[in-house]
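See below for the structure under consideration.
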Amino acid sequence: MTTRAFAAQSATSPLAPMTIQRRDPLPTDVEIDILYCGVCHSDLHFARNEWGMTEFPIVPGHEILGRVTRVGSEVTRFKVGDLAAVGCLVDSCRTCSSCGRGLEQFCTNGATFTYGAPDKISGGMTHGGYSERIVCAEAFTLKVPSNLDPARAAPLLCAGITTYSPLRKWGATRGKKVGIVGLGGLGHMGVKFAHALGAHTVLFTTSEGKVADGRRLGADEVVISKNADAMAAHAGSFDLIIDTVSADHDLNAYLALLKLDAALVLVGVPPSPQPVHAFSLLMPRRTLAGSLIGGIAETQEMLDFCGNNGIVCDIELIRMQQINEAYERMLKSDVKYRFVIDMASLKG
Ligand code: NAP
Ligand code: ZN
Ligand code: ZN
């Protein structure tokens with residue numbers, strides 16, 4: 001099926017219109033007319049080949065929410081007209097030990113990511129949500145709680161699950177002191193989730209202008225990370241810190257804030273390696289860890305948690321044609337707190 005999309009043709013060219021092909025739905029597939037697609041910083045890293053793994057052209061977008069337009073004959077959980085969502089994964093082997101544990105993102109045979117990954121069904125590379133429709137296996141298609149505003153729910157599919165998953169795994173609960181570093185797309189959801197899970201939530205930001213928003217979003221305390229005295233006041237006191245920063249920064253400054261056996265979990269991907277001093281980890285014994293999105297079952301759990309608790313993202317709705325400008329603003333930390341593309345602008 002011929003499908004309108006926006007793509008980058010090279011690491012230095014702006015995103016521009018392009019036509020792609022989508023497969024006709026297989027018996028186990030769901031076809032979705034995309035209403036909204038969130039703009040993740042990973043889209044920008046990929047479009048500009050900042051991780052050195054992009055094959056061009058690339059159609060980014062993995063925070064996809066829309067309405068079902070066709071279902072294959074074996075599909076049981078979706079019908080035409082339903083809201084449906086697709087996140088960062090569209091397939092995996094479904095048989096390896098990781099898939100068996102619901103950790104499809106770590107599929108040992110190679111998960112199929114929503115964009116920029118080899119498409120094992122149609123050949124070529126997968127194309128993301130900056131497009132008018134997507135066809136996805138039912139098993140990788142998510143249900144969207146009906147009480148959530150669809151545009152504001154779209155970024156849950158990456159920013160939401162990427163912060164929810166480590167908060168759950170490392171036990172952000174009542175009585176725990178949890179830090180979130182960076183108030184961007186991921187960070188603002190991290191603050192909302194840590195607060196909703198009952199943890200004492202502390203936001204670390206470089207932007208003085210975000211202090212009031214941090215509190216409004218659920219932070220009990222906000223620390224300006226450039227202020228060494230303010231940082232030192234929290235030394236050795238955290239049970240968990242989730243770091244969402246997309247740029248180079250000093251990890252040792254955050255490791256110093258952890259208690260014995262507490263963890264700093266990286267979800268942001270700075271462009272270069274970040275030096276860590278051994279003493280930052282061994283006195284007292286601390287953990288430096290990482291986390292990648294979340295599996296399909298946990299993504300559905302997160303969406304249902306949002307439905308039950310009325311949690312959505314704070315967004316700025318843009319037209320598809322504003323995407324290059326949105327990328328520039330994202331680089332200046334000028335997003336409150338996620339751009340979401342209204343896909344009607346692509347179809348109109
Ligand atoms: P974003 O909206 O651009 O937010 C990043 C935030 O980092 C900014 O808002 C800013 O917060 C802070 N920041 C930016 N430059 C900084 C600097 N030089 N020093 C310190 N802080 C700085 O990006 P995002 O979409 O949330 O994504 C964040 C990172 O996570 C990206 O690298 C992305 O690729 C990665 N990611 C990872 C996963 C995963 O599965 N692990 C999933 C999605 C995204 P303040 O203004 O508050 O300081
Ligand atoms: Zn993402
Ligand atoms: Zn697998």
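Just so you know, ligand 1 is whichever comes first in the structure, and atom 1 is the first atom listed for that ligand. Positions are given from 1 along the sequence. Values reported hereafter were calculated over all heavy atoms of this structure, with side chains retained and with hydrogens, waters and symmetry mates removed.
- The pair R77-D82 does not meet the salt-bridge criterion, since no charged nitrogen lies less than 4.0 angstrom from a carboxylate oxygen.
- With a heavy-atom cut-off of 4.0 Å, A247 touches ligand 1 through its side chain alone.
- Between the SG atom of C107 and the SG atom of C93, the angle centred on the Zn ion (ligand 3) amounts to 100° when rounded to 10°.
- At least one heavy atom of W51 lies less than 4.0 angstrom from ligand 1.
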inquiry  = Does L156 form a side-chain contact (heavy atoms from CB on, under 4.5 Å) with F305? I'd like the steps, not just the answer.
reply    = CA-CA 11 Å; L156 296 173; F305 179 85; over 6 Å; no

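- Nearest protein heavy-atom neighbour of atom 2 (O) of ligand 1: G185 N, 2.8 Å.
- Not a single heavy atom of A159 sits closer than 4.0 Å to an atom of ligand 1.
- Here H41 has heavy atoms under 4.0 Å from ligand 1 in both its backbone and its side chain.
- Close approach of ligand 1 to V267 (heavy-atom distance below 4.0 Å) involves ligand atoms 30 (O), 35 (C), 36 (N), 37 (C), 38 (C), 39 (C), 41 (N).
- Checked for salt-bridge contact, R152 and D314 meet the test: a charged N lies under 4.0 Å from a carboxylate O.
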inquiry  = As a quick check of understanding, evaluate side-chain contact (heavy atoms from CB on, under 4.5 Å) for M189 and R338, giving each step before the final call.
reply    = CA-CA 10 Å; M189 292 315 299; R338 196 60 141 187; over 6 Å; no

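- Residue, atom and distance of the protein heavy atom nearest to atom 22 (C) of ligand 1 are V245 CG1, 3.5 Å.
- Residue, atom and distance of the protein heavy atom nearest to atom 10 (C) of ligand 1 are S333 OG, 3.5 Å.
- For the pair D239 and K177, the salt-bridge criterion is not met [side-chain N within less than 4.0 Å of a carboxylate O].
- Among the atoms of C40, an N, O or S atom falls under 2.8 Å from the Zn ion (ligand 2).
- For atom 33 (C) of ligand 1, the closest non-hydrogen atom on the protein side is S42 OG, 3.4 Å.
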request  = Take F204 and F238 through the test ring-ring contact (aromatic ring centres under 6.0 Å, His included) and record every step on the way to the result.
outcome  = CA-CA 12 Å; F204 295 93; F238 279 86; 5.5 Å; yes

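- Residue, atom and distance of the protein heavy atom nearest to atom 28 (C) of ligand 1 are T244 O, 3.0 Å.
- Both Y337 and L203 are part of a single hydrophobic cluster, where members link through side-chain heavy atoms under 4.5 Å apart.
- Not a single donor-acceptor pair under 3.5 Å links the side chain of E325 to the backbone N or O of Q322.
- Using a cut-off of 2.8 Å, one finds that C158 contributes an N/O/S atom close to the Zn ion (ligand 2).
- Proximity of R338 to ligand 1 is established by a heavy-atom distance of less than 4.0 Å.
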inquiry  = Set out, in order, the CA-CA distance, both residues' side-chain angles and the distance that settles side-chain contact (heavy atoms from CB on, under 4.5 Å) for T114 and T126, then state yes or no.
reply    = CA-CA 6 Å; T114 303; T126 53; 5.8 Å; no

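- Proximity annotation for atom 40 (O) of ligand 1: of T205, L186, I293, I293 comes nearest, heavy atoms only.
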